[in-house]
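Here is the structure we will look at, set down as structure tokens.
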Amino acid sequence: MAKWQERAELLFKTEGLNNLKNAKVLVVGLGGVGSFAAEFLARAGVGNLTIVDGDVVDITNINRQLPALHSTVGMPKVHIVGDRLMDINPELNLTRVEEFLSPERSLEIVTSDFDYVLDCIDSVTPKLNLIAACKRKRVKVISSMGAGGKMDASKVKVANIKNTAHCHLAKTIRKRLKKIHIDKLKVVYSSEIQDSSSLKMTDGTNYKRSFYGTNSYMPCLFGLYAAETVIRYLLKKEV
């Protein structure tokens with residue numbers, strides 16, 4: 001194994017590292033959740049990553065997103081994150097897709113070749129399209145729910161979406177999935193009650209009618225839990 005993986009090999013063992021190296025993982029959305037999740041996967045040794053995002057860095061992303069710096073404002077997230085992942089592991093087989101996913105593209109991009117898909121999209125309609133595509137193709141998926149308006153790191157957990165509480169996004173997604181007969185979905189969510197005073201309405205651009213205030217660590221923590229779930233599955237240590 002490569003020298004940079006020495007510490008990981010002590011924990012994962014050679015078989016585990018080989019499992020990770022041969023795995024194929026798709027990360028959709030490279031904001032506060034997905035950018036960190038992608039990095040955790042790359043540092044763990046996942047050998048084949050596809051990253052998808054059609055957005056550029058906005059100055060309001062700086063408080064919580066890995067690719068967001070004053071020097072990167074206006075640059076495509078998929079380029080910044082992709083370059084960073086390749087600098088972590090120069091042998092990484094990386095595919096970059098710079099676009100927002102339509103329903104048709106979700107069905108095209110999600111294939112049975114993937115061992116796992118991480119849904120890190122923060123808009124309802126594209127999120128539903130991706131989840132539906134994964135379920136239709138029988139590909140394992142973990143979906144990030146709402147990290148906005150929350151502060152308590154101890155309330156973050158992984159669960160079936162039907163067991164979530166105090167998450168407006170999860171409630172909306174759960175209702176919409178029920179209409180298409182999907183009742184099982186592994187999600188990362190927080191059971192903390194959202195701070196309603198931090199809600200701001202928008203003009204509805206990019207499928208978003210509103211958003212909550214965010215901090216530096218909660219989206220990252222959601223990405224960590226998503227990445228942990230995938231890595232432990234790939235290591236055959238799923239709990």
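Values in this document were obtained by computation on a predicted structure and should not be read as measured data.
- Scanning all heavy atoms of the two residues, the minimum distance from Ala38 to Leu30 falls at CB-CD2, 4.4 Å.
- Judged purely by atom type and a 3.5 angstrom limit, Arg138 has no side-chain atom pairing as donor or acceptor with the backbone of Ser112.
- With hydrophobic clusters built from ILVMFWY side chains whose heavy atoms lie under 4.5 angstrom apart, Phe222 shares a cluster with Tyr233.
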Pair up each side-chain donor or acceptor in residues 7-14 with any protein partner under 3.5 Å, not counting sequence neighbours, and list the distances.
| from | atom 1 | to | atom 2 | distance (Å) |
| --- | --- | --- | --- | --- |
| Glu9 | OE2 | Thr14 | OG1 | 2.9 |
| Lys13 | NZ | Leu10 | O | 2.8 |

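- At least one donor-acceptor pair closer than 3.5 Å links the side chain of Asn215 to the backbone N or O of Lys150.
- The hydrophobic cluster containing Val158 also contains Val33, counting ILVMFWY residues as joined when their side-chain heavy atoms lie under 4.5 angstrom apart, directly or transitively.
- Rounded to the nearest 0.5 Å, atoms CD (Glu39) and CG (Leu66) are 5.0 Å apart.
- Considering all non-hydrogen atoms of both residues, Lys140 and Asp115 come closest at CB-O, 3.8 Å.
- Put simply, Tyr217 and Phe40 are part of the same group of oily side chains (I, L, V, M, F, W, Y) that touch within less than 4.5 Å, one to the next.
- Under the 4.5 Å side-chain heavy-atom criterion for ILVMFWY residues, no single connected hydrophobic cluster contains both Leu41 and Ile80.
- Considering CG of Leu26 and CG of Leu49, their distance stands at 9.0 Å, rounded to 0.5 Å.
- Counting heavy atoms from C-beta outward, Val57 and Lys77 have side chains that approach closer than 4.5 Å.
- Side-chain contact between Pro67 and Val81 is present, with heavy atoms from C-beta onward closer than 4.5 Å.
- Looking only at distances, a side-chain donor or acceptor of Lys137 sits under 3.5 Å from a matching main-chain atom of Leu107.
- Annotation: side chain of Val28 is not in contact with side chain of Ile109 (no heavy-atom distance under 4.5 Å).
- Only one option out of Glu98, Arg96, Arg84 pairs with His79 in a side-chain hydrogen bond (donor to acceptor under 3.5 Å, both in side chains); it is Glu98.
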Evaluation steps, side-chain contact (heavy atoms from CB on, under 4.5 Å), between Ile59 and His70: CA-CA 7 Å; Ile59 197 165; His70 282 87; 4.2 Å; yes
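- For Lys3, the salt bridge (Lys or Arg N to Asp or Glu O under 4.0 Å) criterion is met by Glu6, not counting sequence neighbours.
- Here the side chains of Lys236 and Glu15 are not in contact, with every heavy-atom distance at 4.5 Å or above.
- With sequence neighbours left out, the side chain to side chain donor-acceptor pair (under 3.5 Å) criterion links Arg105 to Glu99, Glu108.
- Taking every heavy atom of both residues into account, Leu20 and Ala44 meet most closely at CD1-O, 3.2 Å.
- Between Cys134 and Val110 there is a side-chain heavy-atom pair separated by less than 4.5 Å.
- Checked by atom type and distance alone, the side chain of Tyr116 never pairs as donor or acceptor with a backbone atom of Val27 at under 3.5 Å.
- Closest heavy-atom contact between Pro103 and Asn129: CG-ND2, 3.3 Å.
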For residues 174-184, please give each side-chain donor-acceptor pair under 3.5 Å, one per line with the distance, not counting sequence neighbours.
| from | atom 1 | to | atom 2 | distance (Å) |
| --- | --- | --- | --- | --- |
| Arg174 | NH1 | Ile161 | O | 3.3 |
| Arg174 | NH1 | Thr164 | OG1 | 2.8 |

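- Looking only at distances, a side-chain donor or acceptor of Glu192 sits under 3.5 Å from a matching main-chain atom of Asp152.
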Please report the C-alpha distance between Lys135 and Leu185 in whole Å, then the side-chain angles of each, then the deciding distance to 0.1 Å, and finally whether the side-chain contact (heavy atoms from CB on, under 4.5 Å) criterion is met. CA-CA 9 Å; Lys135 293 296 184 177; Leu185 176 67; 4.3 Å; yes
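- By the 30° and 60° cut-offs, the orientation of the rings of Tyr212 relative to His168 is parallel.
- Taking Asp53 as the reference, nothing meets the salt bridge (Lys or Arg N to Asp or Glu O under 4.0 Å) condition, with sequence neighbours excluded.
- Listed by first and then second residue, the side-chain hydrogen bond (donor to acceptor under 3.5 Å, both in side chains) pairs involving residues 18-36 amount to none (not counting sequence neighbours).
- Listed here is the closest heavy atom pair of Ala226 and Val188: N-CG2, 3.8 Å.
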Taking it one step at a time, do Val78 and Val97 satisfy side-chain contact (heavy atoms from CB on, under 4.5 Å)? CA-CA 7 Å; Val78 76; Val97 181; 5.9 Å; no
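- Atom CE of Met151 has 12 or fewer neighbouring heavy atoms from other residues, nucleotides or ligands inside a 6.0 Å radius.
- Within the 4.5 Å cutoff, the side chain of Ile142 has no heavy atoms near those of the Tyr225 side chain.
- The shortest side-chain heavy-atom distance between Ile173 and Leu128 falls under the 4.5 Å cut-off.
- Under the 4.5 Å side-chain criterion, counting only non-hydrogen atoms from C-beta, Asp122 is not in contact with Phe211.
- Proximity of a side-chain donor or acceptor of Asn63 to a complementary backbone N or O of Thr214 within less than 3.5 Å is detected.
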What verdict does the side-chain contact (heavy atoms from CB on, under 4.5 Å) test give for Lys127 and Met145, after you've listed the backbone C-alpha separation in whole Å, the side-chain angles of each residue and the deciding distance to 0.1 Å? CA-CA 10 Å; Lys127 194 174 196 72; Met145 296 293 109; 3.6 Å; yes
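- Residues Met1 and Leu234 share a single hydrophobic cluster, defined by chaining ILVMFWY side chains whose heavy atoms lie under 4.5 Å apart.
- For the atom pair Glu228 CD and Ile231 CD1, the distance stands at 8.0 Å (nearest 0.5 Å).
- Separating the CG atom in Leu169 from the OG atom in Ser144 is a distance of 8.0 Å, to the nearest 0.5 Å.
- Scanning all heavy atoms of the two residues, the minimum distance from Gly149 to Ser198 falls at CA-OG, 3.7 Å.
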